Visitor: 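Dropping the structure in here first, questions after.
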Amino acid sequence: MIDFKQTIATQISKQTDIPENEVYEWIEVPTDEKLGDFAFPCFRLAKIMKKAPQMIAEELKQKLTFENGMMKQINVVGGYLNFYIADEMYVKNVLTEIAESQENYGSSTIGKGKNIVIDYSSPNIAKPFHIGHLRSTVIGNALYKTHQFLGYHCIGINYLGDWGTQFGKLIEGYKRWGEEYNIEENPIDEITKIYVRINELAKEDETVLEACRDNFKKLEEGDEFCTKVWKHFRELSLKEFQRVYDLLNVQFDSWNGEAFYSDKMGEVVDILEKQNLLVESEGAKIVDLTEKNLTPCMIKKSNGSTTYETRDLAAILYRARTYDFDKALYLTSYEQILHFRQIFEVAKYLELDEKYTNGLVHVPFGMVQLKTGKMSTREGNIIKLEELLNEAISRVKAVIAEKNPELENQDEIAKKVGIGAVIFNDLYNSRIKDEVFDWDIMLNFNGETGPYMQYIYVRTKSLLEKAGYIPTIQEVDFTKLQDETSLKVIKLLYQFENIIQQSAEKYEPYIIARYLIDVAQAFSSFYNENKIICEEHSTQDARLYLTYATGLVLKTGAGLLGIEMPDKM
Ligand code: ARG
């Protein structure tokens with residue numbers, strides 16, 4: 001596809017001797033469409049060329065040449081050069097490219113040869129998979145798909161929280177009251193009850209807490225009983241988690257969780273020790289980070305047990321060696337910002353190539369709040385993700401039963417729409433913002449929602465079905481799509497590739513989500529203004545093709561967010 005901005009940059013660079021990439025950076029897209037499709041501010045040149053910006057703009061305007069009637073108009077406004085791309089050129093450029101690339105429209109090869117590790121979802125074994133983990137799963141999955149589309153080799157890791165002192169507690173509880181609970185039938189709920197109960201007891205009784213710590217130590221040393229209980233809990237939990245991943249349609253390349261590193265932490269300790277970086281503090285071993293303005297990073301507890309930090313450090317070593325990553329992303333809530341600052345600092349001491357330590361990125365996100373108030377994850381008062389996803393599906397089912405009872409495959413459609421609504425809601429805002437979980441907002445078919453986007457997609461499908469054909473690109477007369485609403489859609493479709501790249505660069509799926517709503521709304525105006533199935537055959541072909549192209553982009557974009565499109569709804 002012709003990159004108009006690039007073409008303009010090339011021409012300006014030729015006339016000014018300023019490097020192309022610099023000119024490219026300077027070119028803006030005016031927020032007011034009346035000021036053109038692109039604008040070049042000449043203020044920056046004023047200093048170099050020792051002339052008034054306005055004059056530079058005038059001179060450049062005379063000198064610049066573009067091929068094939070690409071430019072409709074170039075205006076000088078103040079110190080700006082405003083460029084107006086010829087409408088037909090836009091239409092032809094976009095639609096031809098879509099015809100050629102189809103499902104790959106918007107993709108690129110900028111990530112070719114680069115490895116990117118994405119650590120996401122990562123729920124804790126023997127604890128419920130709660131709505132907080134939903135965000136990690138959904139954002140991580142979107143970043144995975146987006147980077148893959150840009151040519152990166154992605155490695156998705158579910159870093160299960162399957163190791164740590166909480167297992168000492170669980171084992172203690174299980175030892176005491178295991179018989180009383182029906183763990184096989186309803187594992188996580190029952191295990192959670194044990195966890196809550198042992199926590200309460202440990203709060204009152206220091207010796208119980210001591211016994212818990214001791215259990216974890218034993219687990220780390222490979223004690224048979226402790227290992228057996230741990231394994232059992234892990235397997236039962238994974239089975240439950242898998243049901244959630246199936247609902248969300250999320251897969252991972254690796255399930256190496258914290259336990260995987262239980263025998264790989266010695267090296268971390270050795271390297272730090274060798275450099276005299278481990279300091280004794282109340283019996284524990286820490287790395288002092290005062291110089292970095294951070295609290296100390298605990299490497300070993302006073303009883304010799306390892307920590308969450310140490311496991312993460314061992315994982316960095318392992319991932320650098322195994323995946324040779326260019327970047328390693330970590331998706332957690334902002335509650336863990338300090339943790340990642342600490343381990344990223346300590347990682348610099350691990351004798352790794354700078355490539356790796358520079359590639360470590362924490363991608364934090366905000367908390368989820370229910371409309372009814374704060375979400376409590378302690379004391380067993382928890383909303384489970386599986387229940388929540390199933391509720392989304394049944395709410396959509398009810399709507400379908402009421403509004404479109406004849407619809408076939410209602411279950412499958414309700415799943416796509418219900419799950420899509422939850423995912424979309426999660427991705428629609430900048431990730432650092434706290435999210436309010438409100439059924440009425442996310443399931444509103446007319447709002448800025450997943451269901452709305454899907455509804456517009458389905459409309460493109462049904463229009464094509466009604467027409468009975470999809471025209472070929474050769475049949476499209478590009479001059480038939482030059483009205484305001486058609487052009488609006490075309491210009492949005494043109495931006496798709498750029499939107500995807502921005503979203504990846506900033507690790508912000510909302511950029512894609514908002515874009516898709518823009519496309520859906522623009523299509524809706526186009527559809528309201530223009531009769532698509534009409535008398536005049538070549539007009540119909542052109543409009544149908546734009547309909548087809550819009551559907552394609554909506555579907556591809558939704559796919560990047562991990563949302564499936566129904567064909568009917
Ligand atoms: N299991 C942790 C939690 O639920 C998240 C793990 C994030 N990844 C990591 N490498 N620390 O809070």
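Counting starts at 1 for both ligands and their atoms, in listed order. Owing to the predicted nature of the structure, the values given are computational and were not obtained by experimental measurement.
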Visitor: Can you list every protein residue that has a heavy atom under 4.0 Å from any atom of ligand 1, sorted by chain and residue number?
Guide: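 Contacting ligand 1 under 4.0 Å are D119, S122, N124, H133, Y159, Y308, D312, Y330, T332, Q336, F340.
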
Visitor: For Y452 and F424, I'd like to know if the aromatic rings sit close, meaning centre-to-centre distance below 6.0 Å.
Guide: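 No: the rings miss the under 6.0 Å criterion.
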
Visitor: Is the distance from the ring center of F129 to that of F241 below 6.0 Å?
Guide: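 Here the rings of F241 and F129 have centres that are less than 6.0 Å from each other.
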
Visitor: Measure centre to centre between the rings of F233 and F167, then say whether the value is under 6.0 Å.
Guide: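 F233 vs F167: aromatic centres not under 6.0 Å.
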
Visitor: So which of F344, F365, F325 actually passes ring pair (Phe, Tyr, Trp, His ring centres under 6.0 Å) with Y330?
Guide: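 By the ring pair (Phe, Tyr, Trp, His ring centres under 6.0 Å) criterion, Y330 pairs with just one of F344, F365, F325: F344.
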
Visitor: Using 30° and 60° as the class boundaries, would you call the ring planes of F252 and W255 parallel, tilted or perpendicular?
Guide: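 F252 vs W255 ring planes: perpendicular.
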
Visitor: Just jot down the side chain to side chain donor-acceptor pair (under 3.5 Å) partners of R234, sequence neighbours excluded, or say none.
Guide: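 Residues passing side chain to side chain donor-acceptor pair (under 3.5 Å) with R234: D162.
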
